[in-house]
Amino acid sequence: MAETATPAAQDDTPPVNSTRRERTGWYFYDWANSAFQTTVITVFLGPFLTSVAKVAAGCQLEADDCTGYVYPLGIKVAAGSYYPYLISLSVLLTVFVLPVIGAIADRSLHKKRLLAATAFTGAFATIGMLFVTGDRYLLGGALFMVANIAFGAAIVVYNSFLPQLGGPDERDGISSRGWALGYLGGGVLLALNLVAVQSFGNGTAERTLDLARWSIVSAGLWWAVFTLVPLRWLREHPTAAALAAGGRGNVLTDGFRQLGRTLREVKAYPLTLFFLLAFLVYNDGIQTVITLASQYGTEELRLDQSTLIVTILLVQFLAFGGALGLGALAGRIGAWKTVLLSLVLWTAVIIGAFRLPAEAPLPFMILGAGIGLVLGGSQALSRSLFSQLIPAGKEGEYYGFYEISDKGTSWLGPLAFGLVFQLTNSYRVGLVSLLIFFVVGFALLLAVPMRRAIIAAGNTPPRVL
């Protein structure tokens, strides 16, 4: 259990004298990329790719009970399971990509360039969804995997700036403000898409599919344009290893070598690994709920697209306040206890979602409001907690491991959900399988001695945990 004793007096000033302008630039990347998380992952992409897969399987768009199959690479896949399987496959690939990206970031003198390369790759792949028409489910799947992997890679680089923007007692607030602004930005674009759906969506199923496609494209454009703000306002904070290298050598090969050394040395920080294991488990459940909520709403609860968008919009704006509120609560009782409390609430969300009646928009919206109040805080505080457990100079590498289950990169949850659906043809039964992620994650996090873990990583603990 984490102790609550107050440590010796400490200097709370940012270690590199970061400015308000720089922090604001860092917040704005959350504003930029959250459009992908909200408009693409949470609302439109699941129903969109499922519809494209159904067309490829020979189903009519208007047919709700079609159980056709597609055959990517010759593998028989139920059209309704195609999207969850894509998520799992993309995340399996990120297991290899993200830690390497983190190691490269730690060795690079130009981390902002790496942020630009990864962010723009993801944004342009998202814009490429404009060409996913008819039965082009393979093109849609490939573009999604590129976008999702690039999304995670950019977040690794972005998160690695956090320990350099504030001291131990400031990071919960910095992280919470970033998440809050992200939810606000995602909500603004989603509101614009809601207006478009409500204004032009009263037509055929083909018209609805076209609106979903253009909404996805708008998220890619939003992501690309607002990424220019952090690229302008952030400053480079090269690590000691990057400065020692002085830009000499090959950053890619040096990154691989550094990752190898870290993997050999990581056993020296078992408590950091234990926290990471807890996070990977419970956040996989959180990300699965976020990712598959729209598919559950359309396929199982038979709710229309406008209901889903209104609900997710409600989640976004409540998550803005929820992230700030739980951040303030963490300042009083500690981030560790606040995250534990949020996991109890997530368990209640799963039970409530299982009991939701079909074709009933209001209960779905009420449940969405509950999600919004705990969503941002649980994720923002997990990010800042982990920043306390990273050895100095290895922020990128460790956030590479962390990002394997952050911001849409869950894989066990969607895999379990997809398998259960294929076996039972029931989304409700698939939803029940997610309870284990929150229960086990809670137990693992409860067992982490946070103060001792922070000291073991060579860092100064915050006053309250």
Side-chain angles (χ1 to χ4, degrees), residues 27-28 30-44 172-195 197-198 215 219 222 282-283 285-294 296-297 301 303 305-333 335 338-353 355-356 360-384 406-408 434 438:
Y27 301 150
F28 256 93
D30 252 320
W31 172 282
N33 74 65
S34 290
F36 178 82
Q37 177 69 27
T38 305
T39 291
V40 179
I41 298 294
T42 307
V43 177
F44 287 104
D172 289 342
I174 294 172
S175 184
S176 295
R177 286 190 290 274
W179 275 101
L181 190 63
Y183 280 114
L184 185 61
V188 168
L189 181 63
L190 190 58
L192 296 175
N193 286 321
L194 173 60
V195 171
V197 169
Q198 293 288 2
S215 295
W222 180 283
Y282 71 73
N283 199 56
I286 293 173
Q287 294 302 322
T288 304
V289 173
I290 296 170
T291 304
L292 298 178
S294 60
Y296 182 74
L301 303 181
L303 299 173
Q305 191 75 64
S306 61
T307 297
L308 294 176
I309 297 177
V310 170
T311 303
I312 300 302
L313 189 60
L314 181 66
V315 170
Q316 290 298 116
F317 289 113
L318 285 176
F320 169 76
L324 296 177
L326 287 183
L329 180 63
R332 298 177 63 86
I333 69 172
T338 306
V339 174
L340 286 171
L341 174 62
S342 75
L343 295 182
V344 174
L345 299 176
W346 272 111
T347 302
V349 163
I350 295 296
I351 295 172
R355 298 176 63 87
L356 284 178
L362 184 57
F364 187 76
M365 293 179 183
I366 293 173
L367 186 71
I371 290 176
L373 292 175
V374 298
L375 176 60
S378 58
Q379 295 177 310
L381 295 174
S382 294
R383 178 170 66 180
S384 57
D406 191 28
K407 278 209 168 189
L434 303 182
F438 295 102

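Just so we're clear, the structure is a prediction, and the values are computed from it rather than from any experiment. In this chain, numbering begins with 1 at the start of the sequence shown.
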Closest non-hydrogen atom pair, [X] against [Y]:
| X | Y | value |
| --- | --- | --- |
| Ser378 | Ile286 | OG-CD1, 3.9 Å |
| Ala219 | Val40 | CB-CG2, 3.5 Å |
| Ser175 | Arg383 | OG-NE, 2.8 Å |
| Ala330 | Asp172 | CB-OD2, 4.4 Å |
| Ile350 | Val289 | CD1-CG2, 3.5 Å |
| Phe364 | Thr311 | CD2-OG1, 3.4 Å |

Answer whether the closest heavy-atom distance between the side chains of [X] and [Y] falls below 4.5 Å.
| X | Y | answer |
| --- | --- | --- |
| Leu345 | Leu373 | no |
| Met365 | Thr307 | yes |
| Gln379 | Gln287 | yes |
| Leu381 | Ser176 | yes |
| Phe438 | Val344 | no |
| Thr39 | Trp222 | no |
| Ile174 | Ser384 | no |

Q. Should Thr38 and Leu189 be marked as a side-chain contact (heavy atoms from CB on, under 4.5 Å) after you check the CA-CA gap, both sets of side-chain angles, and the distance that decides it?
A. CA-CA 9 Å; Thr38 305; Leu189 181 63; over 6 Å; no

- With distance as the sole test, does Tyr296 use its side chain to make a donor-acceptor pair with the main-chain N or O of Ala353 at under 3.5 Å?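 Yes; judged by distance alone, with no hydrogens or angles, the pair exists.
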
Please round to the nearest 0.5 Å and tell me the distance separating atom [atom1] of [X] and atom [atom2] of [Y].
| X | Y | atom1 | atom2 | result |
| --- | --- | --- | --- | --- |
| Leu434 | Thr347 | CG | OG1 | 11.0 Å |
| Ile371 | Ile366 | CD1 | CD1 | 12.5 Å |
| Thr338 | Leu329 | OG1 | CG | 4.0 Å |
| Leu184 | Trp31 | CG | CH2 | 5.0 Å |

Between Phe44 and Asn193, is a side-chain contact (heavy atoms from CB on, under 4.5 Å) present by the stated rule, with each step listed? CA-CA 10 Å; Phe44 287 104; Asn193 286 321; 4.2 Å; yes

Distance-only polar pair, side chains of Ser382 and Tyr282, donor-acceptor under 3.5 Å: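 A donor-acceptor contact under 3.5 Å links the two side chains.
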
